[in-house]
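Just below is one structure, and these are the notes that go with it.
Labels below follow one simple rule: chain letters A, B, ... track the order of the sequence lines, proteins then strands, and each chain is numbered from 1.
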2 protein chains.
Amino acid sequence: MHEVLLDLDPSLTDWLPEPRRAGAGRQSALSQETLLNVNLNAGCCKDRFWGAAAFAVLGLDPKTLFTKMVNQVQQVDGCWHSCKGDSSAASNSSGESSKESSRCSTPVLDADRIDRLREKMRKRIDSGDHWFSLEFFPPRTASGAVNLISRFDRMGSGGPLFIDITWHPAGDPGSDKETSSMMIASTAVNYCGLESILHLTCCNQTKEKITGYLAKAKRLGLKNIMALRGDPVGDDWEEEEGGFSYAVDLVKHIRSEFDEYFDICVAGYPTGHPEAESYQQDLQHLKQKVDAGADFIITQLFFRADTFLKFLDDCRAIGITCPILPGIFPIQGYQSLRQLVKLSKLEVPEEITKVIEPIKDNDAAIRNYGIHQAVGMCRELLDSGKVPGLHFYTLNREVATMEVLRQLGLWIEDPRRPLPWAVSANPKRKVEDVRPIFWASRPKSYIYRTQDWDEFPNGRWGNSSSPAFGELNDYYLFYLKSKSSKEALLQMWGEELKNEQSVFEVFTCYITAQPNRIGQRVMCLPWNDEPLAQETNLLKDELEKVNKRGVLTINSQPNINGKPSTDPIVGWGPPGGYVFQKAYLEFFTSSENVSALLKVLKKYEPRVNYHIVNVHGRNMTNAHEMQPNAVTWGIFPGREIVQPTVVDPVSFMYWKDEAFALWIEQWAKLYEDESPSRMIIKYIHDNYFLVNLVDNDFPLENCLWQVIDDMFELLDAPPDVLSDGAVSE
Amino acid sequence: MHEVLLDLDPSLTDWLPEPRRAGAGRQSALSQETLLNVNLNAGCCKDRFWGAAAFAVLGLDPKTLFTKMVNQVQQVDGCWHSCKGDSSAASNSSGESSKESSRCSTPVLDADRIDRLREKMRKRIDSGDHWFSLEFFPPRTASGAVNLISRFDRMGSGGPLFIDITWHPAGDPGSDKETSSMMIASTAVNYCGLESILHLTCCNQTKEKITGYLAKAKRLGLKNIMALRGDPVGDDWEEEEGGFSYAVDLVKHIRSEFDEYFDICVAGYPTGHPEAESYQQDLQHLKQKVDAGADFIITQLFFRADTFLKFLDDCRAIGITCPILPGIFPIQGYQSLRQLVKLSKLEVPEEITKVIEPIKDNDAAIRNYGIHQAVGMCRELLDSGKVPGLHFYTLNREVATMEVLRQLGLWIEDPRRPLPWAVSANPKRKVEDVRPIFWASRPKSYIYRTQDWDEFPNGRWGNSSSPAFGELNDYYLFYLKSKSSKEALLQMWGEELKNEQSVFEVFTCYITAQPNRIGQRVMCLPWNDEPLAQETNLLKDELEKVNKRGVLTINSQPNINGKPSTDPIVGWGPPGGYVFQKAYLEFFTSSENVSALLKVLKKYEPRVNYHIVNVHGRNMTNAHEMQPNAVTWGIFPGREIVQPTVVDPVSFMYWKDEAFALWIEQWAKLYEDESPSRMIIKYIHDNYFLVNLVDNDFPLENCLWQVIDDMFELLDAPPDVLSDGAVSE
């Protein structure tokens, strides 16, 4: 039993079958460092065939699998409930309810944000619109967490109906650590906007502890629980007094303590649990879990569509009516498959062994076959008409799953966004539909700083005069930490800065995507962790010109006068609408420049609104009423106006703190204390102003570039022109 | 003393000086029917020189005195607080408050709606922007009330800072009668959107009674009180136990019972009260009223600017610092002037008598002189730099006052509206900025039916699913009563209707402004009490065509794709903005037409949203989510989007009741019971559908005419095409 050791992440073992007869289990020794070096710690090997997922390491070169709009119409129907023509349907509406407060505030622009998961499934089943979902496990390190969150964003863009996060008993799974199951699931929901299921295992836990976890999950905005028995610790595990023996107990507990708040998922075993008395007995156990309140089932892996389809029929035959989702895991290596077979007692069908035996030394060929095999099996499942969605075990890897999904036509990277910014999936933010533009490139930071806002009575803060932005302090994931390493950052931003001009060059290289002096491309800035947005590319030439002269831009958008909402670059919202923008420009620049700028801006009254502030909070503006200025809005069929982005003077002061601090936290601290490089960044931090400009005349040509040109012209004029207006304090 | 009898409206006597020594007074016999037949009931003649105002009957032919935009910029500064360039003004705003809920909801689009009257005065004084105000007295009959309300609308369009309504002790002034002082003032505030002052006299009243009046005024949204002693009843008036002796007592009472809720105005006497011990003594009385809490002063009339200016200086000298507004009353007839002199002991200056004596038999000349004299005196007052605003005694007449104001350049009929509909001046509606489009031609009816809404948390109803519209019942002013007489209506709408076609012709004549069969122009319809709006004229040709065929339009607007907010026809809101509209069409039509229309509309999915309902509430729509559809919106510098008009499916059901009832209440009831004419209207009421259509593609050419054309085409097709879709129930 112990000849094969699989050194896999313990979180994978959450997903183990429940021993119906108190099967002995042992905590496995764990290392996630590389899944290529596979050892099987088979202390509870029969329960751990699941761990074979750890073999799924693909050597494929990364390549872009994104396809656009493959199945756009389906997606549209799923996300956007457009007015469907049903003129014969008569409904007396005088007593019907519309939204309680329908004023602009998220008039169900994206119905998905309001529905619970089981409702979303029901709608997709009704419409025949297949879906997929993705399983991840929690990372081991904070750096791993940063990377996983990036992966959530990338894989989220393909349109999974949900993701699930495994429970990692050894990793303090309910804690506030960046790497805990709880925090990763919370991040997926709140910051990545992904509908998420948190796994939860109940063995070796008191009811109080479990209730505490559930309450915390609810508080964090998590809405779905995968209820598992889990992997007992120690060989001599016994039913715990006051604890849980089986997953069914956990399901009952969730329903009893939290009523219908959570959607509950449970595990199914297509070939029956290896230790179950019988396949039929195991089916009955599953039915008990459903009867206790589970909303749907996800199965363990299998090799043949038939296996699942028979299981499905058997479930239906005994009265299990909820959705049953097949767990899909592509074969990805010869050795891993052999080991899996030994461990799990799963029988590999002859048609598979026949193919892979001859190519067993060709890893790439095996992996390609694995994708091929998974695609074929998935097609068979979908074609059966009985399978509404597929669940993929990603092992936190992207390429294989994305390739399978791409070939199935399920990977739908829809460039249209429900709103111009990434919406959070936290239910308490479901009506949020307005944000300040300042955090456009740092949406997670915005959500983090506003996580304590419990109400969005007008689609945003209840009281804009005291919006209670949270402090960033030293929160690792969204503040201090770039996705890039310190070394990479130094290569991009300069090992050594000579003067302010060196900084201008970094900004210019970022804008132009041209290599810097040492041939390195600048892929990010402290305010922008991603390469330039497509939309910003529309402004590239002008941005390059002004950055070269020390107008250090960190946010901008062009004016848009009624483009279709389906526009691939600037579009958002449901089809059939029109989107609009006022031109926006935000930058750091020197006090000398600001002196000239203020003179120039007088010529642009009241066309241009401005806010100019330094790190000390010295603030100059011509928006004296301190009202928000809508800079992005959309007009849609049968709806109220949506205005998702505003320049809000009050929150600008909170953004200002963050924007200035990023100079120090992300850039200056790359250099030695007292080093000239650090002093240069510090000088900019202390002396530059943060400026935002809005051109209110959106139907006309953007005048903001002319404003900057005029500023440069004034600066280039003989010195007496400027003599009366220094801004320095 | 009794030789001259002035049969004047008793409300005029509210505005009498206070006898400091309990001067005897008597209730005058009253008739307002014609002010030309002047008799002076001089029972309290010394107190009643004021009554001479009753002479002010002008024989001038009505002519349009409206001038547009004479002084637009001033008006703009007064109403719209545009972003003024003051780039040197630095303000640290991080702690500054913006509006509590700034989301769309009336982001102080019109600051006047929020300020109290004394604040508005202060701002106008600070800006040097002169104003005028107008006094009216309550009418005697309900018909008179309907006419006076029309006058409020017309005179309100010239931009008075406020109007005031006299207290009519004999007319049950605090009652709910349509003619009471209280109701007329409430109507001016709530339905005409005019800042209004309610007069209140305190003699012969208990404190409880006065408190009751004040509480009611507050409840109705009245914010300003003119505190007067009033005209004692009976010859033997004495100070009442537990009552009030002087206006100062009333001022104190208001402040003590209602704190700062009301702005309080008191009366000043430029030549001193005739019965006062001395001019100086009278000034001291005035100072006491101000010290007791009055916010500003309006004076009785006078003949020379010097008289007022001396009075003003004397007031300032003894420490009266509040605004003091001169009461202006043009001379309008020789006899009336003579009588006034005898009554009031006011001395007519020689320069006036010298001019009018030679022309004393030429009424027109006298009246013209009166205007000339008033204009000259007003110019002198304004040029002094000490007079911020002028108060006019209109005697409920328009022409003379408007001519004086026109010549002074104070009559500013600004075609730009703060919102596309008439805002209410009730403070509880100050944040209202969204209304359903259905009541566009019946704004007073909308306000009436929503008068109980105490909160507008999103600029409108708090809960759109149960908006609690009030019943119209038989409310006279806004529902049953057209401004036209029954005879006029019959001439316009037909003494006898032969068939539905007769009704189509009435609609067509209204739209085209062409005379009907008997040569009469149709100036109104039950749903539109005014001739066609300028904006609707843009659609005239199409409207004519469809009405002729029984598509009986009652509301429509063209699509607008970003016209300047200053556009004279479709503009609204502050300058520098852009306004938009979706095309809208609302009409009654037969069930046969609706059958065809529903087929046609399938071709226009999802471009056109529709709601179709009959009197029984049978409802067909393609807006299944029952969300409001914004059909008018505006984008302004430095502001959030404003979307003042929506097609709201829920309130459409309330409008439906009203729209169908108007067929019966205003039209059918013109005819005898069981008469064919009445039966025709009744048939339409019972069988037609009310339809509204929105073309969501506002940037494209309005397709709604094409929809109707397609409907006609289908109706004209061979019968089998229609056979499968009758709508009849």
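- Scanning all heavy atoms of the two residues, the minimum distance from B:Pro606 to A:Pro637 falls at O-CB, 4.0 Å.
- For the atom pair CZ (B:Arg639) and CD (A:Gln643), the distance works out to 13.0 Å, reported to the nearest 0.5 Å.
- The line from OH of A:Tyr578 to CG of B:Asn696 is 9.0 Å long, rounded to the nearest 0.5 Å.
- Rounded to the nearest 0.5 angstrom, B:Ile635 CD1 and A:Trp633 CH2 are separated by 4.5 Å.
- Between B:Phe580 and A:Phe580, the ring-plane angle classifies as perpendicular under the 30° and 60° cut-offs.
- Both the backbone and the side chain of A:Asp697 come within less than 4.5 Å of a heavy atom of chain B.
- In this structure, B:Ile641 and A:Ala630 approach most closely via the heavy-atom pair CD1-CB, 3.5 Å.
- Proximity to chain B is limited to the side chain of A:Lys582, based on heavy atoms less than 4.5 angstrom apart.
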**OP:** Check the pair A:Glu640, B:Gln627 against side chain to side chain donor-acceptor pair (under 3.5 Å), reporting the backbone distance first and the verdict last.
**Re:** CA-CA 8 Å; A:Glu640 297 190 66; B:Gln627 287 187 41; over 6 Å; no
